[in-house]
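When reading the values below, keep in mind they use all heavy atoms of this one structure, side chains included, and skip hydrogens, waters and symmetry mates.
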Amino acid sequence: MRLKDQVAVITGGAAGIGKACAKRFAEEGAKVVLADVNVARGEEAVEEIQASGGEALFVSCDVGSKAEVDSLIAATVAGYGRIDCAIANAGIVHAASFLDLDEADFDRVLRVNLKGVFLTGQAAARQMVKQGGGGTIINMSSVNAVMAIPAITPYVVSKGGVMQLTKVMALSLTEHDIRVNAIGPGSIRTEVFEQVANDPEKIRGILSRTPMGRVGEPEEIASVALFLASKDSSYITGQTIYPDGGRMALNYTVPVKA
């Protein structure tokens, strides 16, 4: 098992990509701490992992609050003694035209998607430095870090910030043997995707810009996270990997099967 006895903290761990990462890491021998604002679903996810023989615990956490993130790290250390990997996955989306976007909604998205990544990474890194031995930090970005959809301005801005934050963190933490990378998924079958799953036109639009002709699965993103958390990626830091079905390489739309 590639992560045997390691301890991983995963924000936004109650569902979707975060939950898939938690389950995969537990299968690979890690002790996982799931953090989320959705307590019921977070505890349910932990029960699933434990039922499969994994070690896991849940901590309620609003990643936009420094006090709550610090409490998350403290709870992890109290439960498992250390932190070897942190996945800053918690994120939200708000859709609105640029001219109608409210300041409060802009601030709300950046508070979770960008400030939350900073707070999680900083708190985890401080613990890694304190305990010694290095570690890994994985930030969840998006293809929208470099591409833009005008209807989700704050999301796009936040993910662009995550890309640069990842580079800054990586350069700052190399002396402590802490590697920092990001994952920038394309269209993945999460709850956000399921909201449009019954709209044929929207699905065709998604597939028309995805050369592989399908959406990705959360488990596929978890596999990338496992790679970045393991020694298999020991010479990689400051990078963003884009599992996107070929979307970022495309400068035209492709035919979609009826």
Show which residues join Leu250 in its hydrophobic cluster (side-chain heavy-atom contacts under 4.5 Å, direct or indirect), or state none. Tyr252, Val254
Verify, without hydrogens or angle tests, whether Ser230 (side chain) and Asp232 (backbone) share a donor-acceptor contact under 3.5 angstrom. yes
Minimal non-hydrogen separation, Phe25 against Ala222, with atom names: CE1-O, 4.3 Å
Among Ile, Leu, Val, Met, Phe, Trp and Tyr joined by side-chain contacts under 4.5 Å, find the other residues sharing a cluster with Met212 and list them by chain and number. none
In Å and rounded to the nearest 0.5 Å, what is the OG to CG distance from Ser158 to Leu165? 11.5 Å
Taking atom CG of Asp5 and atom NZ of Lys31, what is their separation to the nearest 0.5 Å? 5.5 Å
Check side-chain hydrogen bond (donor to acceptor under 3.5 Å, both in side chains) between Gln50 and all other residues, then give those that pass, not counting sequence neighbours. none
Atom CD in Glu68, atom CG in Leu119: separation rounded to 0.5 Å? 11.0 Å
Looking only at non-hydrogen atoms, find the nearest pair between Arg179 and Leu228 and report the distance. NH2-O, 3.0 Å
Strictly distance-based, threshold 3.5 Å: is any side-chain N or O of Ser65 a donor or acceptor partner for the main-chain N or O of Cys61? no
Main-chain N/O of Asn38 paired to Asp36 side chain as donor or acceptor, under 3.5 Å: yes
Do Arg126 and Asp70 sit within salt-bridge range, that is, some charged N less than 4.0 Å from a carboxylate O? no
Hey, what else clusters with Val93 if you join Ile, Leu, Val, Met, Phe, Trp, Tyr whenever side-chain heavy atoms sit under 4.5 Å? Ile149, Ile152, Tyr155, Val156
Quick one, Thr76 with Gln127, criterion side-chain contact (heavy atoms from CB on, under 4.5 Å). Give me CA distance, side-chain angles, the key distance, then yes/no. CA-CA 10 Å; Thr76 300; Gln127 173 58 34; over 6 Å; no
Ile87 and Cys21: which non-hydrogen atoms are nearest, and at how many Å? CD1-CB, 4.1 Å
Nearest 0.5 Å, what's the CD1-CZ distance between Ile10 and Arg24? 12.0 Å
Please tabulate, for the side chains in residues 167-177, all donor-acceptor contacts under 3.5 angstrom to protein atoms that are two or more places apart in sequence or on a different chain.
from: Lys167; atom 1: NZ; to: Gln164; atom 2: OE1; distance (Å): 3.3
from: Ser172; atom 1: OG; to: Val168; atom 2: O; distance (Å): 2.8
from: Thr174; atom 1: OG1; to: Leu171; atom 2: O; distance (Å): 3.4

Exactly one candidate in Ile241, Asn144, Val215, Ile17 meets side-chain contact (heavy atoms from CB on, under 4.5 Å) with Pro185; the answer is Ile17
Rounded distance (nearest 0.5 Å) linking atom OG of Ser208 with atom CD of Glu201: 10.0 Å
Got Thr166 and Val162 here, is their nearest side-chain heavy-atom distance under 4.5 Å? yes
Nearest non-hydrogen partners of Ile49 and Ala22, listed with the distance: CD1-CB, 3.8 Å
CE on Met248 to CZ on Arg209, rounded to 0.5 Å: 13.0 Å
Show the numbers, then the answer: is there a side-chain contact (heavy atoms from CB on, under 4.5 Å) between Ile178 and Val129? CA-CA 8 Å; Ile178 298 172; Val129 171; 4.0 Å; yes
side-chain contact (heavy atoms from CB on, under 4.5 Å), that's the test. Do Glu220 and Val224 meet it? Break it down for me. CA-CA 7 Å; Glu220 293 178 294; Val224 178; over 6 Å; no
Using the side-chain contact (heavy atoms from CB on, under 4.5 Å) criterion, which residues pair with Thr120? Sequence neighbours excluded. Thr11, Val63, Val69, Ala88
